[in-house]
Amino acid sequence: MKSKLLQELRKHPNGIKLSGFDPSGDINLKINDLEKSGYVFEKKEDIICLVSSPDIPFPWEFPRFEPNFHYFKDVKSTMINARELAEKNAPHFTVVIAENQGSGRGRMDRTWVSSGGGLYFTILLRPDIPPALVFRINFIASLTLVKTFRSLLGVEAMVKWPNDILIHEKKLCGILSEMAIDEERIRHINLGIGINVNNDPAEREPKATSLKRVLGKSVSRVDILRRFLETFEENVRDIAGYRNIISEWKDYSITIGRNVKVVTIKDTYWGTAVDVDENGALILEKPDGTREAVIYGDCFLV
Ligand code: BTN
């Protein structure tokens with residue numbers, strides 16, 4: 001396995017013995033393959049060391065998920081590939097990722113600019129929970145993302161209801177989810193996540209930002225994705241028991257206490273966001289003093 005070889009090479013920066021590593025003898029084939037994918041090695045007699053790795057989310061960079069990890073250079077939208085895989089019974093925690101999306105989709109029928117350098121992926125989930133608890137998945141995902149950005153990169157990422165990630169009030173990351181239910185049973189949930197990493201969406205979307213823009217340098221997409229997938233997978237294992245998800249999420253909320261405009265499919269509301277209830281609905285206090293619980297919509301800070 002390439003992942004095993006890379007793991008060994010990273011553990012031994014001074015190199016490993018070619019002859020000792022792989023008695024089956026196909027190590028040279030693996031090294032050739034990896035070189036073609038952009039990895040650089042230094043070879044001295046029987047010793048080989050890894051000099052550098054490309055920042056490309058190849059499946060072998062995520063050993064825990066590798067068997068169900070689908071990497072593409074170009075797709076229309078990873079949501080389409082993930083739906084096809086779901087229809088073919090792909091298992092829980094199948095990941096579809098692409099370098100570029102020709103027709104990246106956002107929430108409320110918007111497009112998602114998906115130029116090279118970002119992370120665009122969909123995770124297929126088959127959780128054994130009642131449909132009433134599905135909302136927790138988006139909250140777990142956005143909370144895990146915020147914590148990943150904060151712990152790995154030290155940035156002040158915040159969540160904006162329902163599940164956008166912002167830095168300095170500009171959008172860094174968005175989440176789109178699709179669900180298929182059979183009677184009262186969830187068939188699958190496809191969670192699409194777009195993260196502006198080393199791309200520059202601000203050219204086309206002035207209200208967007210990227211990690212590169214915020215930090216003034218490129219960062220490792222592979223490290224971000226690895227940390228996120230590993231923690232997210234652990235967090236979704238116990239969705240039913242994750243009762244304090246909303247209160248944890250609220251610790252990072254930029255929405256509560258702010259004046260907002262919320263656009264739903266049917267209505268537009270103005271008011272102050274006073275809370276997010278235990279079902280994930282935004283509690284709005286309207287100018288006439290009455291309260292409205294909004295389950296789903298687009299929220300703008302005003
Ligand atoms: C939003 O509007 O905030 C949600 C954006 C979701 C974008 C991601 S990128 C990967 C996946 N594929 C898509 O076409 N959309 C989602």
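Just so you know, ligand 1 is whichever comes first in the structure, and atom 1 is the first atom listed for that ligand.
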| field | Non-hydrogen atoms of Phe139 and Phe135 that approach each other most closely | value | CD1-O, 3.2 Å

| said: Show me the pairs that pass salt bridge (Lys or Arg N to Asp or Glu O under 4.0 Å) and involve residues 144-163, at least two apart or across chains. | reply: Lys147-Glu248, Lys160-Asp164

| Test side-chain contact (heavy atoms from CB on, under 4.5 Å) applied to Leu176 - qualifying residues, sequence neighbours left out | Met79, Arg105, Arg107

| Residues lining ligand 1 [heavy-atom distance under 4.0 Å, listed by chain and residue number] | Ser77, Thr78, Met79, Gln101, Gly104, Arg105, Gly106, Arg107, Arg110, Trp112, Tyr120, Phe121, Thr122, Asp164, Lys171, Gly174, Ile175, Leu176, Gly192, Ile193, Gly194

| query | Under 3.5 Å, is there a donor-acceptor pair linking the side chains of Asn235 and Thr144? | reply | yes

List the atom pairs, donor and acceptor, that lie under 3.5 Å between side-chain atoms in residues 278-288 and the rest of the protein, sequence neighbours left out.
{"residue": "Glu285", "atom": "OE1", "partner": "Arg291", "partner atom": "NE", "Å": "3.1"}
{"residue": "Glu285", "atom": "OE1", "partner": "Arg291", "partner atom": "NH2", "Å": "3.0"}
{"residue": "Lys286", "atom": "NZ", "partner": "Glu292", "partner atom": "OE1", "Å": "2.8"}
{"residue": "Asp288", "atom": "OD1", "partner": "Thr290", "partner atom": "N", "Å": "2.9"}
{"residue": "Asp288", "atom": "OD1", "partner": "Thr290", "partner atom": "OG1", "Å": "2.6"}
{"residue": "Asp288", "atom": "OD2", "partner": "Thr290", "partner atom": "OG1", "Å": "3.4"}

| task | Hey, could you give me the CG/CZ distance between Leu229 and Arg226, rounded to the nearest 0.5 Å? | result | 10.0 Å

